[in-house]
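One structure is given here, and the rest of the page talks about it.
Everything numeric here is computed off the predicted structure, so don't read it as measured data.
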Amino acid sequence: MNATTRITPAPATTTPATATPTTGEVDNRSAYLSFTLAYLLGHGGAALSKGADPLLSLPGWLPITLLGAGIVTGVIQSMSASIRAQRGAGKSEALAGQLAGFSWVTGFVALFLAITGLTTAYDTPELQSVLWAAGSVLVVGLIYLAEGAVHRNMLHYGLGTWLALIAAASLFLDAPGLYAVLAIAGGGGYAVAAVLERRRLAL
């Protein structure tokens with residue numbers, strides 16, 4: 001009697017799918033809060049202390065110093081958050097994030113050259129403060145648009161759109177009105193974004 005040999009097929013091995021590395025989430029809350037304070041204190045102080053009948057008597061250097069300190073802090077935090085988010089990302093995604101981060105330097109150097117050249121060529125140095133106020137918001141907004149597209153962050157993209165539009169529209173107003181729009185609409189936009197950023201990261 002021949003024994004029947006039962007051959008049990010070896011269990012199929014399933015090769016786990018390798019997840020495509022994606023760019024990490026960028027936490028922008030600290031940068032958003034820095035810009036919020038910069039706009040509210042810097043632009044807000046300028047709005048209250050400039051014009052024919054200012055509400056406050058502040059030294060001219062104080063609002064711009066508060067604004068500059070807040071913007072520098074926010075830019076550093078934005079660049080650091082963008083670079084941290086590239087850890088573990090694919091080569092092309094990491095490069096895209098790094099280029100978006102370096103655009104901060106390019107944007108503000110270009111703004112410096114544009115304002116300096118314009119006010120020098122037309123001998124209007126008094127326009128520097130107004131152009132720096134609106135121009136810096138415009139540059140930040142455009143960079144946010146690029147970063148939002150790179151990181152697929154709709155909140156960042158939406159904030160960039162808002163900042164770019166209010167910066168351009170504020171140039172239709174005189175100095176106190178321009179600063180007031182940037183302080184309220186710009187600072188308020190950042191404050192709302194900081195709240196929504198926490199919700200976005202929790203999803």
Worksheet item: What orientation do Tyr32 and Tyr144 show, parallel under 30°, tilted 30 to 60°, or perpendicular over 60°?
Response: perpendicular
Worksheet entry | Met154 CE to Arg200 CZ distance, which is reported to the nearest 0.5 Å | 11.5 Å
Worksheet item: Backbone N or O of Ala167 within a donor-acceptor pair of the Ser170 side chain at under 3.5 Å?
Response: yes
Practice prompt. Check the pair Val137, His43 against side chain to side chain contact (heavy atoms under 4.5 Å, CB included), reporting the backbone distance first and the verdict last.
Written response: CA-CA 11 Å; Val137 179; His43 291 315; 4.1 Å; yes
Discussion item. Return the CG to CG distance between Leu131 and Leu171, rounded to the nearest 0.5 Å.
Written reply: 7.0 Å
Worksheet item: Any chain of hydrophobic side-chain contacts (each under 4.5 Å) joining Val130 to Leu67?
Response: yes
Practice prompt. State yes or no: do Val75 and Leu33 share one hydrophobic cluster built from I, L, V, M, F, W and Y residues joined by side-chain heavy-atom distances below 4.5 Å, directly or via other members?
Written response: no
Worksheet item: Aromatic rings Trp104 and Phe108: how do their planes relate, parallel, tilted or perpendicular, breaks at 30° and 60°?
Response: parallel
Worksheet item: Should Leu48 and Val181 be regarded as members of a common hydrophobic cluster, given that ILVMFWY residues are connected when their side-chain heavy atoms come within less than 4.5 Å of each other, either directly or indirectly?
Response: no
Worksheet item: How far apart are the C-alpha atoms of Tyr190 and Leu163, what are their side-chain angles, what is the distance that settles it, and do they pass the side chain to side chain contact (heavy atoms under 4.5 Å, CB included) test?
Response: CA-CA 9 Å; Tyr190 272 112; Leu163 292 175; 3.3 Å; yes
Item to complete: Answer yes if Leu111 and Ile143 sit in the same cluster of Ile, Leu, Val, Met, Phe, Trp and Tyr residues linked by side chain heavy atoms under 4.5 Å apart, and no otherwise.
Response: yes
Practice prompt. Could you pull out the closest heavy-atom pair between Ala194 and Arg29, with the gap in Å?
Written response: O-CG, 3.9 Å
Discussion item. Quick check for you: to the nearest 0.5 Å, what is the distance between Leu99 atom CG and Thr106 atom OG1?
Written reply: 9.5 Å
Worksheet item: Does Val139 belong to the same Ile/Leu/Val/Met/Phe/Trp/Tyr cluster as Val109, with side-chain heavy atoms less than 4.5 Å apart forming each link?
Response: yes
Worksheet item: Yes or no on side chain to side chain contact (heavy atoms under 4.5 Å, CB included) for Ser30 and Phe35, after CA distance, side-chain angles and deciding distance?
Response: CA-CA 9 Å; Ser30 58; Phe35 280 115; over 6 Å; no
Response to the item:
Nearest heavy-atom approach of Lys50 to Tyr179 is CD-CE1, 3.3 Å
Worksheet item: How many angstroms lie between atom CG of Asn153 and atom CG of Asn28, to the nearest 0.5 angstrom?
Response: 6.5 Å
Fill in: Nearest atoms (heavy-atom pairs only) where Ala133 meets Leu178
CB-CD2, 4.0 Å
Fill in: Leu182 to Ile166 - nearest heavy-atom pair and separation
CD2-O, 4.4 Å
Fill in: Spacing of CG belonging to Leu40 relative to CG belonging to Leu66, to within rounding of 0.5 Å
11.5 Å
Discussion item. Rounded to the nearest 0.5 Å, what separates atom CD1 in Ile64 from atom CD1 in Ile71?
Written reply: 7.5 Å
Discussion item. Please give me the minimum heavy-atom distance between Gly187 and Tyr39, naming the atom from each residue.
Written reply: N-CD2, 3.6 Å
Item to complete: Check for a donor-acceptor pair, side chain of Thr120 on one end and backbone N or O of Gly117 on the other, with a separation under 3.5 Å.
Response: no
Practice prompt. Check whether any side-chain N or O of Thr161 sits under 3.5 Å from a backbone N or O of Tyr157 as a donor-acceptor pair, and report yes or no.
Written response: yes
Worksheet, complete the sentence: Closest non-hydrogen contact found for Pro63 with Ser49 is CG-OG, 4.2 Å
